There are 2 protein chains.
Amino acid sequence: MLRAGVALADDVGIDGFTMRTLATELGVVPMALYKHVANKQELLDGMVDLVWSEVIEPRAERGWRRAMRERSVSLRDALERHRWAVGLMEAHGRPGPENLRQHNAMMGCLRKSGFSFRTTVHVTSTLDAYVYGFALQQKTLSFETPEESAEAAAATQRDIPPEAAMLYPHLLEVVSELARSGYDYDEEFVVGLDLILDGVDVLRSDWRQEPAD
Amino acid sequence: MLRAGVALADDVGIDGFTMRTLATELGVVPMALYKHVANKQELLDGMVDLVWSEVIEPRAERGWRRAMRERSVSLRDALERHRWAVGLMEAHGRPGPENLRQHNAMMGCLRKSGFSFRTTVHVTSTLDAYVYGFALQQKTLSFETPEESAEAAAATQRDIPPEAAMLYPHLLEVVSELARSGYDYDEEFVVGLDLILDGVDVLRSDWRQEPAD
DNA sequence: ACCTGAACACCGTTCAAGT
DNA sequence: ACCTGAACACCGTTCAAGT
């Protein structure tokens, strides 16, 4: 049932996802759903945790940097497959078991790699925030592939009102450049990710200086 | 009217924010709102842009790093004052004028500071993603102040089921540590922010090596 | 005891009926 | 022409009425 919920939300988006449409999709009467979940929020929580189950665990043996990179890419992939999920992370509900398992592995990997308690929290928080935010940004923007994005940028550039060119010269300049060269979400994501991992490296060596932690 | 919408959303959250409650708040009949706005989405878009208007523009004269830092903190502050806003960034609607003004200033500041086109986009994208994601994370977590969070962590630790201690040992370890020392969102945010800015520094010097760009 | 369909209290929005 | 209130098509959820 949770699986059917995820599939439906993938298809129709979160707005089209209602108790009633899910019920008809499953070929049951709407109230039948309430035999398995207390309310819609609990259903959504379960679906979000199912998305978490798709994220690979970081493996410390491969080195902290590669492990963090792989798991961040994996999380981003999951959020890309299920665009509705990132908007639901806000759920005040308790984190599900898959979420806990995932973050336990994250903490374990960093601690084993010699990070202090505090730094472990910092790194986890920063990486998660970046992945969430990137997924949110991508959901906002409309175009999909590099080609599409180049075309979209070109179109935007074409019908820019003359006064906008005066108001937003630098923005226009960048849009023009993107129209030429295209915009690739995958590449954009990993550049930012590697940038953050560079920053983690700096943080790590800083903390190394203070053995007290 | 947009201002009243922002105030109401601040008060009651996005779930309690309906056309009808806003109308009664303003002392008018619900349909009167449709004289000023085509539909609810357009109203929300306007409200989001009002939030953007609270964000300070980066000023290149202060140096790119300080400028980026100040504007990121300012954006995060705005999203903290208006918790509902980050969940609405997803709106597929066109970005508002304040949003455009803001990003124009961002691009201008970075370009003037000697960043290449590509790097300017990378830095903007990464910083925005981090701030969005951090705001989203903070909205998810329940506690507010360092003291509250320490208490919450302690409570969580107290009533952890015995099997959870086995399943999530590393998570438990970190929660225990947080129970001791507390958790400060403000500090957490700036640590991650400075970490990213360190990474930007690395990226910047790398690109410097390739004058072609 | 269990299932179920009508019903409730909402929502955003339409639209005809008043002025 | 403008305003407005009833009405429409939905929603999540309750609950009594059937089996």
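So that the names make sense, note that chain A is the first sequence line, chain B the second, and so on, each numbered from 1. Because the structure is predicted, anything quoted here is derived from the model rather than measured.
The nucleotide D:dT14 finds its pairing partner in C:dA6, both defining distances of the Watson-Crick or G-U wobble pair being shorter than 3.5 Å. D:dA1 is paired with C:dT19 under the Watson-Crick or G-U wobble criterion, all donor-acceptor distances under 3.5 Å.
As rounded to whole Å, 12 Å separates atom P of D:dT14 from atom CE of A:M19. Protein atom OH of B:Y34 is 10 Å distant from nucleotide atom C1' of C:dT14, rounded to whole Å. Following rounding to the nearest Å, A:H36 (NE2) and C:dT4 (C1') show an atom-to-atom distance of 15 Å. Rounding to whole angstrom units, CG of residue A:N39 and C1' of D:dC11 are separated by 14 Å. Rounded to whole angstrom, the span from the NZ atom of A:K35 across to the P atom of C:dC2 amounts to 7 Å. Atoms CG (A:L43) and C1' (D:dC11) sit 15 Å apart, rounded to a whole Å. Note: CG (A:L33) to P (C:dG5) measures 14 Å, nearest angstrom. The interatomic distance linking B:D15 (CG) with D:dG12 (P) rounds to 13 Å, in whole Å.
The aromatic rings of B:Y130 and B:F189 lie parallel to each other, their planes meeting at an angle below 30°, with 60° marking the opposite boundary. Between A:W52 and A:Y132, the two ring planes are perpendicular [angle over 60°; tilted spans 30° to 60°].
When the C1' atom is compared between D:dT14 and C:dG12, the two are found 23 Å apart, to the nearest whole Å.
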Exercise for the section: Dump the intermediate steps for side chain to side chain donor-acceptor pair (under 3.5 Å) on A:D15 and A:W84, then the final yes or no. Expected result: CA-CA 9 Å; A:D15 287 335; A:W84 47 270; over 6 Å; no
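In the set D:dG12, C:dG12, C:dA6, D:dG12 carries the atom at the smallest distance from any side-chain atom of A:K40. If you check D:dG5, D:dT13, C:dG12 against the side chain of B:T18, the one that comes closest is C:dG12. Closest to the side chain of B:R20, from the set C:dG5, D:dT4, C:dG12, is C:dG12.
In this structure, A:Y183 OH and A:E177 CD are separated by 13.5 Å, a value rounded to the nearest 0.5 Å.
Checked for salt-bridge contact, A:R101 and A:E57 meet the test: a charged N lies under 4.0 Å from a carboxylate O.
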